[in-house]
Every structure is written in structure tokens, then in C-alpha cells.
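Written out below as C-alpha cells is the structure these notes cover.
Lettering follows sequence order; numbering is per chain, from 1.
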Number of protein chains: 2
Amino acid sequence: MTSRKPPVMADIARIAGVSSMTVSRAFRRDSRISPETRDAILKVAEEMGYVFDATASNLRSQKTDFVAVTIPSLNNANFADTVEGLSRTLAERGMQILLGHTNYDMQAEEQLIGQLLRRKPQAIVLTGGKHTERGRRLLVNSGIPVIETWDVPADPIGYHVGFSNAGAVQRMVDHFVEAGYRRIAFIGGDASRDTRGEDRRLGFIRAMEHHGLASSRLIAAGPPPISMREGASAMIKLLETRPDTEAVICVSDLSAFGALTECQRRGIAVPEQIAIAGFGNYEIAGICVPSLTTIDARAREIGEHAGALVLDLLDGKRPAASVTLEPRLLRRASSR
Amino acid sequence: MTSRKPPVMADIARIAGVSSMTVSRAFRRDSRISPETRDAILKVAEEMGYVFDATASNLRSQKTDFVAVTIPSLNNANFADTVEGLSRTLAERGMQILLGHTNYDMQAEEQLIGQLLRRKPQAIVLTGGKHTERGRRLLVNSGIPVIETWDVPADPIGYHVGFSNAGAVQRMVDHFVEAGYRRIAFIGGDASRDTRGEDRRLGFIRAMEHHGLASSRLIAAGPPPISMREGASAMIKLLETRPDTEAVICVSDLSAFGALTECQRRGIAVPEQIAIAGFGNYEIAGICVPSLTTIDARAREIGEHAGALVLDLLDGKRPAASVTLEPRLLRRASSR
DNA sequence: TTGAAAGCGCTAACAT
DNA sequence: ATGTTAGCGCTTTCAA
């Protein structure tokens, strides 16, 4: 099995009868190069199967085309939408996303941040506004733009694009109370892992107390991710322990849908016997029967804003500003 | 705002009173270095906020820790599961995934392959076994292991980990025919974009013809991705044009669920009046009411096998072998 | 177990 | 519009 060494820029230069610099300029679409020279070089390169070496380019120019991104889970349509929005925005400038997931674990996030920073990204976009102390230090020391998303951090590291998770749930509680519900429950994950879920739970408690209502109907659905299965189990627990509950707010649409299916299995009418609300405006919330009242977290927009912010910062455009989004409450058929 | 240059390996070496080589060895956990020296070096590095530069390491050693991966869409739990399985397997060896998505477009895939190869990944894992001619050439020329997944390629480039999409749907048709259904429809995306979806459609046609049944109940749900919304629209079309249909096989669980919700909105009993089957064994298929008969594509296992294969190949372990998985048919409540 | 020298493949800086 | 020189921060190679 013969295999000659793959061609490098100098090889293309020799064949094309120019210097490496000219080849380099051709590949970077430098303006100060004649179109004919450029086309000839690119043709030679294609014929020889030349592949530009981004590794060498990155080292020499001391910049990469990477933007590092951390999300809790790959398998979550909300975060996927955010990454999609980010990716689309950055792709216009030829930037690549370096994606890692934390499994809703701040320790894992810390490790991940360390791994990602070794690749010298130009910016880092994080999901959430809480991190380990060492994680924070790594981010600050890195010297690159840091953007926290899906949250309004109490103590921002750099920029942020997000919304108040507590505030969004408070609005849902307000809405339910206005609609006449009093005995309202909350289904969420165990505390202290998913910080956004935790904030939503706190928002629920605060809002219930503000209305002078009992905030004791808290169903812990286990460690995140809280998905459909966990929502269904939590609903079983809720129906058993607090059968007079009038409405339930879930930490996400996925758990809300799981809760809904449990009602369907038991012949409990939604919303007549119990109302259900979700969070996130996942596709399923708009199409299931009955459709789910929810909060539109505007996942894709978060990514797009974050992407635009990164580009502005890399362009040196100042002042580039953090974005606080206003989640939208969507009234649907699962509540009155 | 003062900002001194971040420390490099030579700085750590100087402070620690050793050479760069020793620092390099400390970071790579080279065995031939005394534990005390190593600990001292790592301590100095942490104190100085040193971040290892993977870019320089990659260039000099002419190898990266990247495995490139292409998927049609980020926002799809099946592919997310595959990436998750792959990621978990590779993370054990400190390898990072370089992920890109093609939007179910072979042209976009070709471009993406070009972009990814510039990063000099050690292997590339693709979703699907069909590519543009130039895409194939790029892959072959790259000289790195190529693994095609979610398919059994007609003309494999390198290795593959997957199953026959046509064969899986054939089994579903066989099952439905055996259960007594005759007027069976297929809901899928428009031809020629999503090649796996297209293969499933062909498998449907072939199987119906094999049973001497009409294969004309084909509902085109638009360009991929075919999700819940498209499934619901397709169901409307099906009920209008072929109201005597007894059973419908959908290209995915998401479209199957959408179709199911349309039946619920119209008061059509599933499976009594019409049976529904999906594909993929997404979480929703197991929990919706009625639960969906489907094909378990074993998404996570695909990723795990692909990851193991990559590691074997990089270790030079031969023969490392392609894997053909047998999808599992799951009989659930949406069909008899 | 540690170190010195050389160089991976590009591009910044400067020159023409 | 194009070329020359030097060097990005590591690790290979060889030596001690």
C-alpha cells in the first residue's frame, strides 16, 4: 500500500509557479491578488487534493474560527434550537462551533470549559449563569468574550443573552391565579442540579406566597434531565398525594406532556379536572391534544442574539450589549 | 486596562526550573517523569493560569484529538442519541467531537465535509451512506477512517455502522399484513432529499408489492425534516384522499405522533379505525396515548459502535469491522 | 529522568 | 500584485 504525503501549501505554490504567500492569499480571498492567479491556484489545489491546514493557520495567526459552546444536554430541542440559531449566525462568517455538553452538572461543566479553552476559541457561549469557582476563574482568565445564556446571571462574567427563569414562572402563576386557580402544584427536578429548573421552582414559590397561596405542592421528579417519563411519574405522585390539585405548572413542556399522558391514561380531563402548563414552547406543546399552555423561551433567538453579540465583539464593535428577552406566555387548551 | 500576555509552556518551565520538554511531558502524563516534578509543574501551571495550547500541540504532533461528525439536524433526538453515544465512548480517550449539520442536503454535506477536514480530524463519522461525488473524493483523499452510519451503504467508503432502512420498513409492512391490514399508507418526506427517508419509502413500496398489495397510498409531507406538524398535515391529506385506509406507516415517530394528534382532533379512534406506526423509537413513542408501534433504530448503540470502531482504528487494531444492526420492531397500542 | 535543537504548515511583517 | 524571512507554541528526535 503506497501512500504519498498529502500536499502542503508549498507544493501547490511550486506547481502553480508562485510563492506560498500567494497561495495563502488565494485561499483567504485576499483582495490584493489577481483573479486569474487566484483561480489558477485554486484549480491546482483542487486537482492535487490539497486540504488547507486550519491547525497551522490557527497557530500562526494566533486565532481560530472556533466559538466554544456548552449546553446541558444534546438531546433537548430547546438547546438544539439555540445552537442552531447561533450556528446559523456564525456560519456566515465561517466560524465553527465547538460543542460540549455538561449533563446538567457544574463539575462536568468546569472540566468541559477547561477542555474547550485549550482549543483557543475566540469566544465562549455558556448555557446558564452559575458555574463553579474554578470554572469562573478559567473563563475570566481566558481573556475571550464570555456569553451566558438562558439566564440573567446574578453576577455576570461578561455578557449575557437570556431571561429570568423565576420571573417567567411567576407570570405563569399570576396568569393561573387570575384564571381562578388556587391549588397549584409545581413539578420539577431535584434541587441543586439544574439551576434554571431550580430558579423556576423558586419563582413558583415566590409567586404563590405573593398571592397568599400555599406553595407546598412541590413534586420532585428526580435528577435532571426531567423529560416525559419523569413528568408522568411526577403526575402519579401528585394525584396520589394532593388529589384536589386544580392546576400544575411543569418545569418543561416535556414533563408537562408526560403529565398530560398520565391524565389521559387515567381518564382525567384536561383542563376540566386539572390544568397543565409547561415551559419552553417545544414543538410538541403546540400540537398535542389538548395543546399545552406554556412559556415561549425563544430558544432560537437566544442563539441568534448570542451569535450577533459574538460577531460584534470580534469586530471590536463597542458597545456591544447583553440582551434580556421577555418570554412570552402562550395560552393554550390545557388550561382555561 | 492592562493585560499581560498569557503564559506559554516556556514560562511555566522557567518558573518551575525545568525545561519545556519536562512541562510537556507533565501535561501528557508521560510515564518517564518523577511524580514530584509533575505535581510541582502542574501546580505552577494552575497558579499562573496556564492553558495548554492544543493548536500548537496538534500542529507539531501532526495529530488532533478531533473526530468529525455530520448529522442532518441538531434538533432530532435520534441523531442526538447517536452523537451522545459516540461522544461518551470517545471522551474516555479525551477525544473531542467536531459536529456539523447538513439540513438533509447533500450539497451542504459536501461543503461541511470540506470545512471539517481542514481541522485535520483523526476520523470522520457521517450520517448516511450517500454523498456527492466530490464529497466522496474528499473523504477518500483525506486518508482518515470514514464511518458511515444509519445506513448500509451500497458502495461503502470505509466502514459503516447501521441498518437497512428499507429492510426495517419491510418488516413493519410484513407485521401489519400479518395483523390483517391491507390498505396501508406511507407518510414520508418528498423524495430525493432525506436519503434514509427515501429508502424507507422504497422499502414500503417493495414490501407492499411483494404482498400483492397496492403501494399507491404515498403521502408526501414536504421537504425534510418531517416532524410533528408535517405528520399532522399529511394525515389530513391521507384522510381526505384515501378515507378507507386501515393503517399508516410514518417515516418517523415524530410524524407518526403528529398524525395521531390529527386523529384525536377528529375523533378517529387509534387503532380501532386506523392503525399508526412510526420509526425510530423516540421517547414520545413509548409514552403517548396510545403508545406508538415503531422500529427501534438503536440510535445510541450506533454511536457507541462507531466510537469503538474509531478507537480500534486509531489504535491500529485490525481487523476492525463494520457493524450491521438489526432494528427491533416494537408492537405497541397504536396498532393491533 | 531530563534537556537541546529542530521543525510541524502556515501567515505577520516587511519589502519590492 | 507578489515575494522573503521569521516564528506562532508546542513535540519529535536525539543525546546525556
Counting the atoms with a prime plus P, OP1 and OP2 as sugar-phosphate, which does [X] contact under 4.0 Å by heavy atoms, base, sugar-phosphate, or nothing?
X	result
A:Arg28	sugar-phosphate
A:Leu59	base
A:Thr55	nothing

Problem set entry | Heavy-atom contact window of chain A on DNA chain D, given 5' to 3' at under 4.0 Å | D:dA1 to D:dG9
For this session: On DNA chain C, reading 5' to 3', which nucleotide is the first and which the last to sit with an atom under 4.0 Å from a heavy atom of chain B, could you check?
Result: C:dT1 to C:dG9
For this session: Can you measure from OG (A:Ser87) to CE (A:Met95) and round to the nearest 0.5 angstrom?
Result: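 Spacing of OG (A:Ser87) from CE (A:Met95) equals 12.0 Å.
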Exercise. Atom OG1 of A:Thr127 and atom CZ of A:Arg196: how far apart are they, to the nearest 0.5 Å?
Worked result: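 Output value for this atom pair is 6.0 Å.
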Would you mind writing out the side-chain donor-acceptor pairs for residues 139-149 of chain B within the sub-3.5 Å range, not counting sequence neighbours?
from: B:Ser142; atom 1: OG; to: B:Leu139; atom 2: O; distance (Å): 2.6
from: B:Ser142; atom 1: OG; to: B:Ile144; atom 2: N; distance (Å): 3.3
from: B:Glu148; atom 1: OE1; to: B:Ile157; atom 2: N; distance (Å): 2.9
from: B:Glu148; atom 1: OE2; to: B:His131; atom 2: NE2; distance (Å): 2.8
from: B:Thr149; atom 1: OG1; to: B:Leu126; atom 2: O; distance (Å): 2.7

Exercise. Of all of residues 43-53 of chain B, which get a heavy atom below 4.0 angstrom from DNA chain D, listed by number?
Worked result: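 Going residue by residue through residues 43-53 of chain B, the ones with a heavy atom under 4.0 Å of DNA chain D turn out to be B:Tyr50, B:Phe52, B:Asp53.
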Side-chain contact, heavy-atom cut-off 4.5 Å: [X] with [Y]?
X	Y	value
B:Leu98	B:Val67	no
B:Asn76	B:Ile71	no
B:Val152	B:His160	yes
B:Gln115	A:Phe52	no

For this session: List the steps, then state whether side-chain contact (heavy atoms from CB on, under 4.5 Å) holds for A:Arg38 with A:Arg25.
Result: CA-CA 8 Å; A:Arg38 208 199 51 162; A:Arg25 289 184 178 114; over 6 Å; no
For this session: Note the angle between the end axes of the helix from C:dT1-D:dA16 to C:dT16-D:dA1, five pairs defining each, rounded to 10 degrees.
Result: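 Angle reported: 20°, given to the nearest ten degrees.
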Exercise. Could you give all pairs that pass the salt bridge (charged side-chain N to carboxylate O under 4.0 Å, His left out) test and reach residues 102-118 of chain A, with sequence neighbours left out?
Worked result: A:Glu110-A:Arg134
Problem set entry | Selection residues 53-82 of chain B - residue pairs positive for salt bridge (charged side-chain N to carboxylate O under 4.0 Å, His left out), sequence neighbours left out | B:Asp81-B:Arg300
For this session: Would you mind listing every side-chain hydrogen bond (donor to acceptor under 3.5 Å, both in side chains) that reaches into residues 303-316 of chain B, with sequence neighbours excluded?
Result: B:Arg93-B:Asp315
Problem set entry | Distance-only side-chain donor-acceptor flag, A:His101 / A:Thr70, under 3.5 Å | no
Problem set entry | Flag for A:Ser24-A:Arg28: side-chain donor and acceptor within less than 3.5 Å |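 A donor-acceptor contact under 3.5 Å links the two side chains.
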Problem set entry | Carboxylate-amine/guanidinium contact B:Arg136 B:Asp155, below 4.0 Å | yes
For this session: List in numerical order all residues of residues 7-23 of chain B for which some heavy atom is under 4.0 Å away from an atom belonging to DNA chain C.
Result: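 Output list: B:Val18, B:Ser19, B:Met21, B:Thr22.
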Exercise. Which of residues 60-68 of chain B sit near DNA chain C, with a heavy atom under 4.0 Å from it?
Worked result: B:Arg60, B:Gln62
For this session: Apply salt bridge (charged side-chain N to carboxylate O under 4.0 Å, His left out) to A:Glu133 and A:Arg137, showing your working.
Result: CA-CA 6 Å; A:Glu133 205 164 323; A:Arg137 196 170 60 244; 5.5 Å; no
For this session: List in chain and number order the residues that pass ring-ring contact (aromatic ring centres under 6.0 Å, His included) with A:Phe79, two or more places apart in sequence or in another chain; answer none if no residue qualifies.
Result: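 For A:Phe79, the residues satisfying ring-ring contact (aromatic ring centres under 6.0 Å, His included) (neighbours in sequence not counted) are A:Trp150.
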For this session: Under the side-chain contact (heavy atoms from CB on, under 4.5 Å) rule, what do B:Thr22 and B:Ile41 come out as? Steps first, then yes or no, please.
Result: CA-CA 9 Å; B:Thr22 304; B:Ile41 289 169; 3.7 Å; yes
Exercise. Considering residues at least two apart in sequence or located in another chain, which fulfil the side-chain contact (heavy atoms from CB on, under 4.5 Å) criterion with A:Val44?
Worked result: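 A:Val44 satisfies side-chain contact (heavy atoms from CB on, under 4.5 Å) with A:Ile12, A:Ile15, A:Ala16, A:Met48 only.
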